[in-house]
Amino acid sequence: MKRIFALLLAAVMAVSLAACSSQNGQNQRETLVVGLDDQLAPMGFRDADTNEIIGFDIDLAKEVAKRLDMDIQLQKIDWNSKEMELNNGNIDCIWNGLSVTPTRQEEMLLSKPYLANRMIVVVLKGSDIQSREDTQGKQVGVQKGSTALDALNADEFMGNGQVKTVEYADNVLALTDLKTERIDAVVMDEVVARYYANLDDSYLLLDDALNEEEYAIAFKKGNDELCQKVEAALADMIEDGTAAQISEKWFGEDILLK
């Protein structure tokens, strides 16, 4: 009798474990790990009061993850090591004001561009720098590992040692040194520069752009399936107006590429 009871108990436990295992498998959701520089306002940055990572790209990524029935994890990375973070599998994508360049197209799988941008020069109001040509011989700040640095080095008035380049971990540090006049100018993304100029009217954005470019989302080479899913979800958001609402929240207008 005891043996029969033991066998019945073991059978019940086995069925229960199998049911739990099946249920956990059904409920388990994939996580989209998004790598970003958490100082790139308004694309992705930390709220000064809550320390929460917020921004335009963050809102887009969260909505895409929701539509793909995925959880999302926002992972701060060293922007200068972003390719390594992606290729090592530490993150699934880079979604944070990433400019499209030929080199990045070779090293990473890039989505269709979703936003246009320019590289511009930021100075303080009252500066004697009125154009790119006026930066010659000046100290110019730029984010390390950024396309702003590439644009500066390739520029006819700023490249080939015509300016003294000062590299920073992020644009916030560069603008801080500009504000205290440790440097004379900063080369950075116009989308980002306009956000900070709206917060501090001491900054002046020159209309003399170094180049024009576009933003895209980066994935590891070969991860075409995830890239296509994200592209499709973002396309749906643009089609139904959700992306436009997010753009208007951060920029006051719809600036997404169609």
Side-chain angles (χ1 to χ4, degrees), residues 23-100 104 107-115 117 145-146 170-172 189 191-192 195 214-251 254-257:
Q23 184 177 9
N24 288 338
Q26 290 175 356
N27 292 337
Q28 188 175 7
R29 286 157 54 101
E30 290 186 73
T31 298
L32 180 67
V33 183
V34 178
L36 69 149
D37 163 16
D38 65 352
Q39 297 294 327
L40 191 71
M43 312 309 289
F45 64 107
R46 292 194 181 273
D47 184 281
D49 297 322
T50 66
N51 203 40
E52 176 187 4
I53 298 177
I54 59 174
F56 171 68
D57 278 342
I58 304 306
D59 285 352
L60 288 179
K62 284 182 175 180
E63 179 63 22
V64 163
K66 177 182 176 182
R67 294 184 181 215
L68 295 179
D69 194 28
M70 299 176 72
D71 293 322
I72 189 167
Q73 177 183 332
L74 304 175
Q75 181 67 47
K76 179 182 183 293
I77 60 173
D78 179 352
W79 196 251
N80 198 42
S81 304
K82 55 189 174 297
E83 294 87 355
M84 181 179 68
E85 294 280 356
L86 191 63
N87 291 328
N88 288 347
N90 297 329
I91 55 177
D92 295 314
C93 67
I94 302 169
W95 195 338
N96 190 213
L98 182 88
S99 302
V100 176
R104 287 176 177 173
E107 296 177 344
M108 300 179 283
L109 173 63
L110 300 185
S111 71
K112 297 174 183 176
Y114 64 95
L115 201 68
N117 181 53
S146 68
D170 56 63
N171 288 311
V172 175
D189 302 60
V191 170
V192 179
Y195 175 82
E214 295 176 323
Y215 287 163
I217 310 158
F219 302 84
K220 184 178 180 178
K221 283 278 190 179
N223 200 356
D224 298 76
E225 182 180 357
L226 180 59
C227 178
Q228 290 168 7
K229 286 180 178 179
V230 170
E231 283 182 333
L234 186 55
D236 287 343
M237 290 163 56
I238 292 174
E239 179 69 23
D240 66 24
T242 304
Q245 292 176 1
I246 294 173
S247 180
E248 287 164 5
K249 169 185 172 182
W250 290 102
F251 302 111
D254 182 8
I255 63 172
L256 285 144
L257 294 174

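What's counted below: heavy atoms across the whole structure, side chains too, no hydrogens, waters or symmetry copies. FYI, the numbering just counts along the sequence from 1.
- Annotation: the span from L98 atom CG to L36 atom CG amounts to 11.5 Å, rounded to 0.5 Å.
- Residue pairs meeting the ring-ring contact (aromatic ring centres under 6.0 Å, His included) criterion with at least one partner in residues 54-84, sequence neighbours excluded, are F56-F251.
- The side-chain hydrogen bond (donor to acceptor under 3.5 Å, both in side chains) test applied to D37 returns Q143, not counting sequence neighbours.
- Here N96 contributes atom CG and F45 contributes atom CZ; the two are 11.0 Å apart, rounded to the nearest 0.5 Å.
- Under the salt bridge (Lys or Arg N to Asp or Glu O under 4.0 Å) criterion, D254 pairs with K258, not counting sequence neighbours.
- Side-chain contact check for L74 versus I58: some heavy-atom pair is nearer than 4.5 Å.
- Other residues, nucleotides and ligands place more than 12 heavy atoms under 6.0 Å from the NZ atom of K221.
- Separating the CD atom in Q75 from the CG atom in L32 is a distance of 12.0 Å, to the nearest 0.5 Å.
- Atom-to-atom distance recorded for L234:CG and I217:CD1 is 5.5 Å, nearest 0.5 angstrom.
- With sequence neighbours excluded, the residues that form a side-chain hydrogen bond (donor to acceptor under 3.5 Å, both in side chains) with K229 are E225.
- Taking both residues in full, the closest heavy atoms of A233 and V64 are given as CB-CG1, 4.0 Å, listed atom of the first, atom of the second, then distance.
- Looking only at side-chain heavy atoms (C-beta outward), L257 and E214 come within less than 4.5 Å of each other.
- Residues I94 and M108 meet the side-chain proximity criterion, which asks for heavy atoms closer than 4.5 Å.
- Residue L109 comes nearest to C227 through the heavy atom pair CD2-CB, 3.8 Å, listed as atom of the first residue, atom of the second, then distance.
- Of all non-hydrogen atoms in I255 and S247, the two that sit nearest each other are N-OG, 3.1 Å.
- The minimum heavy-atom distance linking V191 with P42 is given by the pair O-CD, 3.8 Å.
- Under the rule for a salt bridge (Lys or Arg N to Asp or Glu O under 4.0 Å), K76 has no partner lying at least two apart in sequence or in another chain.
- The side-chain heavy atoms of V230 and L68, taken from C-beta on, include a pair separated by under 4.5 Å.
- Annotation: side chain to side chain contact (heavy atoms under 4.5 Å, CB included) contacts of D189 (sequence neighbours excluded): S99, N117, M119, V192, E213, Y215.
- Under the 4.5 Å side-chain criterion, counting only non-hydrogen atoms from C-beta, N90 is not in contact with V33.
- Taking the six-membered ring where tryptophan is involved, the planes of W95 and Y114 are perpendicular, since the angle between them exceeds 60° and thus also 30°.
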Practice prompt. With side-chain contact (heavy atoms from CB on, under 4.5 Å) as the test, would you mind laying out the steps for V34 and I72 before giving the verdict?
Written response: CA-CA 7 Å; V34 178; I72 189 167; 4.0 Å; yes
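- Note on residues 46-58: pairs passing salt bridge (charged side-chain N to carboxylate O under 4.0 Å, His left out), not counting sequence neighbours, are D38-R46, E52-K62.
- Taking both residues in full, the closest heavy atoms of L40 and G97 are given as CD2-CA, 4.0 Å, listed atom of the first, atom of the second, then distance.
- Not a single side-chain hydrogen bond (donor to acceptor under 3.5 Å, both in side chains) links E231 to another residue, sequence neighbours left out.
- Using a 4.5 Å cut-off on side-chain heavy atoms (C-beta onward), F219 and D92 make no contact.
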Worksheet entry | Steps toward side-chain contact (heavy atoms from CB on, under 4.5 Å) verdict (R29, D69) | CA-CA 7 Å; R29 286 157 54 101; D69 194 28; 2.5 Å; yes
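- Between A216 and L110, the shortest heavy-atom contact is CB-CB, 4.4 Å.
- A 4.5 Å side-chain heavy-atom check between L60 and M237 finds at least one atom pair inside the cut-off.
- At a threshold of 4.5 Å between non-hydrogen side-chain atoms, the residues T242 and E63 count as touching.
- Under the salt bridge (charged side-chain N to carboxylate O under 4.0 Å, His left out) criterion, no residue pair touches residues 78-87, with sequence neighbours excluded.
- With hydrogens and angles ignored, the 3.5 Å screen pairs a side-chain donor or acceptor of K220 with a backbone N or O of N87.
- Applying the side-chain hydrogen bond (donor to acceptor under 3.5 Å, both in side chains) test to S111 and every residue at least two apart in sequence or in another chain returns nothing.
- Rounded to the nearest 0.5 Å, atoms CD1 (I91) and CE (M84) are 10.0 Å apart.
- Pairs of residues two or more places apart, or lying in two chains, that qualify as salt bridge (charged side-chain N to carboxylate O under 4.0 Å, His left out) and include a residue from residues 237-251 are D59-K249, R67-D240.
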